[in-house]
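Working notes, structure below.
Numbers restart at 1 for each chain; the letters A, B, ... are given by sequence-line order, proteins then strands.
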Number of protein chains: 2
Amino acid sequence: MNEMSSKFKGNLDDTDLFIIRRLCEDSNTSLAAIGEELNVSPSTIHKRICRLKDGGIIERFTILFDPSILELNTIAFVGIELERSAMVGKKKEEVINRLLALREVLEIHETLEPFDLMLKLRTRDVDLLREVIGNISAIDGVMATNTILTTRKILETPLKYDNLKEV
Amino acid sequence: MNEMSSKFKGNLDDTDLFIIRRLCEDSNTSLAAIGEELNVSPSTIHKRICRLKDGGIIERFTILFDPSILELNTIAFVGIELERSAMVGKKKEEVINRLLALREVLEIHETLEPFDLMLKLRTRDVDLLREVIGNISAIDGVMATNTILTTRKILETPLKYDNLKEV
DNA sequence: AGTGAAACGTTCATTGA
DNA sequence: TCAATGAACGTTTCACT
């Protein structure tokens with residue numbers, strides 16, 4: 001993102017990666033416990049974590065909760081074709097801003113084909129999904145929408161951190 | 001998922017929802033600070049959180065980190081058409097198990113059309129993407145794959161918790 | 001990067017509503 | 001049954017080495 005974080009990225013060593021992995025698994029792990037695994041003192045872990053936070057590598061401490069409590073159990077992917085005039089520049093940014101403002105829109109990606117944008121949506125039910133898609137269709141610059149409705153979620157994970165170093 | 005958690009779900013009150021929201025924003029918020037906002041004691045918050053964990057509502061405490069450190073910057077959606085014989089039953093489960101085993105596969109959803117399954121993948125680059133899609137195509141029961149390659153990520157969030165009650 | 005001490009947070013047995 | 005209290009214990013933080 002910013003210059004600092006990208007400069008930082010190259011400098012992540014195995015200790016940093018181990019700390020990140022450990023905190024992903026359980027962010028309540030104490031500094032002492034992490035330090036023990038790495039044979040360093042808690043204060044070293046503490047300083048590393050501060051650096052990772054300041055550098056934007058660790059965004060925040062959070063929890064994972066059962067998404068069904070939100071009662072947003074309908075997931076759909078929506079491909080959007082834009083009008084010619086909205087394929088670049090300010091009009092495109094306006095379309096994107098309108099999409100960003102929608103609570104139901106969880107992901108927005110640019111793609112090349114067969115759509116111009118690909119969205120992921122979560123709504124309470126198909127009726128509300130239809131309504132949201134109606135609103136999206138009405139956005140100036142949107143030519144067509146193409147909905148792929150999902151019927152069963154088998155796997156949905158934001159990131160797999162298997163690639164983070166073991167020690 | 002299990003009986004206990006679904007029984008629990010109906011019983012979430014505003015206090016629970018507020019706690020979940022607060023922990024989503026910052027899971028290092030102290031019990032005392034949350035309690036102050038709700039005018040209850042830290043031990044009450046503590047017990048609530050224990051209950052939420054036991055009931056499976058809170059899955060775990062974790063961190064969000066910058067995904068670019070994994071160097072998995074290529075995102076693609078892949079629609080899969082299954083062979084007739086793999087549309088139901090054991091063969092379908094086998095296909096799904098093979099997909100679940102792939103590190104690059106972050107999401108798997110059943111859909112009705114135009115595909116049978118919809119995947120979300122993350123790989124280091126397009127060459128590796130091609131390789132993974134090759135492996136997927138080779139799975140017994142997979143008839144065809146249809147890749148939507150993304151070129152820019154604009155928004156990617158697992159869940160928006162705007163719906164969780166304020167107090 | 002480590003030490004040690006003070007500040008702070010969590011946990012739990014007990015008590016009361 | 002549920003919440004508060006308060007003390008014991010563990011964790012974080014930071015100035016100093």
- Message: Can you tell whether the side chains of A:R48 and A:D16 come within less than 4.0 Å, N to carboxylate O?
- Response: yes

- Message: If I take atom CG in residue A:N39 and atom P in nucleotide C:dG2, what distance separates them, rounded to the nearest angstrom?
- Response: 9 Å

- Identify whether the distance between the nearest side-chain nitrogen and carboxylate oxygen of B:D140 and B:K91 falls below 4.0 Å. yes

- Protein-nucleotide distance (B:F61, atom CZ; D:dT11, atom C1'), rounded to Å: 15 Å

- Specify the separation, in whole Å, of atom CD1 of A:I49 and atom P of D:dC14. 13 Å

- May I have the distance from A:I45 (atom CD1) to D:dC14 (atom C1'), rounded to whole angstrom? 16 Å

- Task: Determine: side-chain N/O of A:S41 to OP1/OP2 of C:dT3, distance under 4.0 Å, yes or no.
- Result: no

- Item | Side-chain ion pair, B:K120 and B:E156, N-O less than 4.0 Å | yes

- Note on the structure: In whole angstroms, the gap separating C1' of C:dT14 from NZ of B:K47 amounts to 10 Å

- Note on the structure: Which of C:dT10, C:dG2, D:dA3 is nearest the side chain of B:L31? It is C:dT10

- Message: Whole angstroms only, please: what is the CG-C1' distance between A:L38 and C:dG2?
- Response: 15 Å

- What's the NE2-P distance between B:H46 and D:dT11, to the nearest Å? 13 Å

- Query: So, does the side chain of A:S43 form a donor-acceptor pair with the base of D:dT12 at under 3.5 Å?
  - Reply: no

- Note on the structure: Separation of D:dT13 atom P from A:R48 atom CZ, nearest Å, is 17 Å

- Query: Got a salt bridge between B:E25 and B:R22, using NZ or NE/NH1/NH2 to carboxylate O under 4.0 Å?
  - Reply: yes

